[in-house]
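Okay, so here's the structure we're looking at.
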Amino acid sequence: MKRTRPTATLPPVRRPPTDGVAVLGTGRLGGAIAEALLAAGHPTCVWNRTADRTGPQADAGARVADSPAEAAAGAALLVLCVGDFQAVRQTLSAAGANLVGRTVLVMTTLTPDEARAAAAVAAEHGASYASVPFMAGYQAIGRPESLLLCAGPREVFDRHQETLRALGGDVRHVGDDPGLGALFEAAVVGFLLEFWAGYLHTLALVRRESGPTDAFASVLQSTLQGLAPLLPVIAGQTVSGDYDPDTFGRLDYLAPMADAMIGLRRSRGIDTARLEHLKGLIDQRLGLGFGGEGLASLIEVIEGSGDGGAGPVG
Ligand SMILES: NC(=O)c1ccc[n+]([C@@H]2O[C@H](COP(=O)([O-])OP(=O)(O)OC[C@H]3O[C@@H](n4cnc5c(N)ncnc54)[C@H](OP(=O)(O)O)[C@@H]3O)[C@@H](O)[C@H]2O)c1
């Protein structure tokens, strides 16, 4: 008589990954991502903690999984768009053994340390990992000008960049360290906060004089276009230590310029705190005898003014 093993004792069967993509978390970002993948012709499975929020993606042709493990079972590539780091960790743990051999791309906003920790969790489960911050709002998913950063092993980027192009036309590998994407994302946000604060202060000055803000905005727009190419130049100077004064002027020319701007704003009742802080940095360099250097030399006081020993962000 032919003997059969009882099914209860059979080892779990792991289905090999298909070419499909699974999107875990169909909130605003994940929903838009799943729909863009479907529109680009990728067989797409979705899972969401609250199951009835997958309706629009199901209507667009997505297969709906009941659990992260089921989603991972049929997909070579998993894209996580859940709310935060805890949610990423829980979702990866729930996918468990079905992560073996898969690639996990996390689009959740994380700190650099969280991104590295998420990569470690993925590795424990036998999966490759990259962090993929999307550098715009979810409405911009799928546009040719939209920028995605990919931080993780180069081969992960090479293998999946075509798929990522369905989400944004400008996909860039920023390095093998999975924390780099989060670092760049946080750095851009910090820059933009200061940028908009500066813009509002200058708008306030124009408005105090009843100047036409639309004409001013247009002038500033043209000015900024000319300045954008200087970003890599200044970055290079902070690395080389060669603070060329021709890039944006010598510090001993910029100091009286800053004083004049502070005086003008103050005379019109506009806050001067941020400009005074900048003037303080310039003065420190002047006090050390570096008035002939360019603006980039302020990096030395900026880097010297923090606690310097707090360790990595996050
Ligand atoms: N929205 C954007 O434009 C944008 C752009 C760039 C980056 N991001 C980042 O993308 C991430 C998602 O943003 P979002 O705007 O899509 O948020 P959202 O619309 O609030 O959606 C959050 C998603 O995370 C899920 N979730 C939350 N906690 C969870 C948990 N513990 N376990 C499993 N799933 C969980 C939610 O499931 P439920 O439906 O069950 O609550 C939902 O699918 C955030 O980290 C955000 O910073 C968003």
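Counting starts at 1 for both ligands and their atoms, in listed order.
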Quiz prompt | Least distance between heavy atoms, Asp252 atom then Gly292 atom | solution = OD2-N, 4.2 Å

Quiz item: Which heavy-atom pair separates Pro68 from Ala94 by the least distance, and what is that distance?
Solution: CG-CB, 3.7 Å

Quiz prompt | Side-chain H-bond candidate by donor/acceptor type, Gln57 with Thr44, under 3.5 Å | solution = no

Practice problem: Check each protein residue for a heavy atom under 4.0 Å from ligand 1 and list those that pass, ordered by chain and number. | Solution: Gly25, Thr26, Gly27, Arg28, Leu29, Trp47, Asn48, Arg49, Thr50, Arg53, Cys81, Val82, Gly83, Ala87, Gln90, Thr91, Met107, Thr108, Thr109, Phe134, Ala136, Gly137, Tyr138

Self-check item: pair Pro178-Tyr129: side-chain heavy atoms closer than 4.5 Å
Solution: yes

Exercise. Verify, without hydrogens or angle tests, whether Arg102 (side chain) and Ala75 (backbone) share a donor-acceptor contact under 3.5 angstrom.
Key: yes

Quiz item: Which pairs with one or both residues in residues 182-207 pass salt bridge (charged side-chain N to carboxylate O under 4.0 Å, His left out), sequence neighbours excluded?
Solution: none

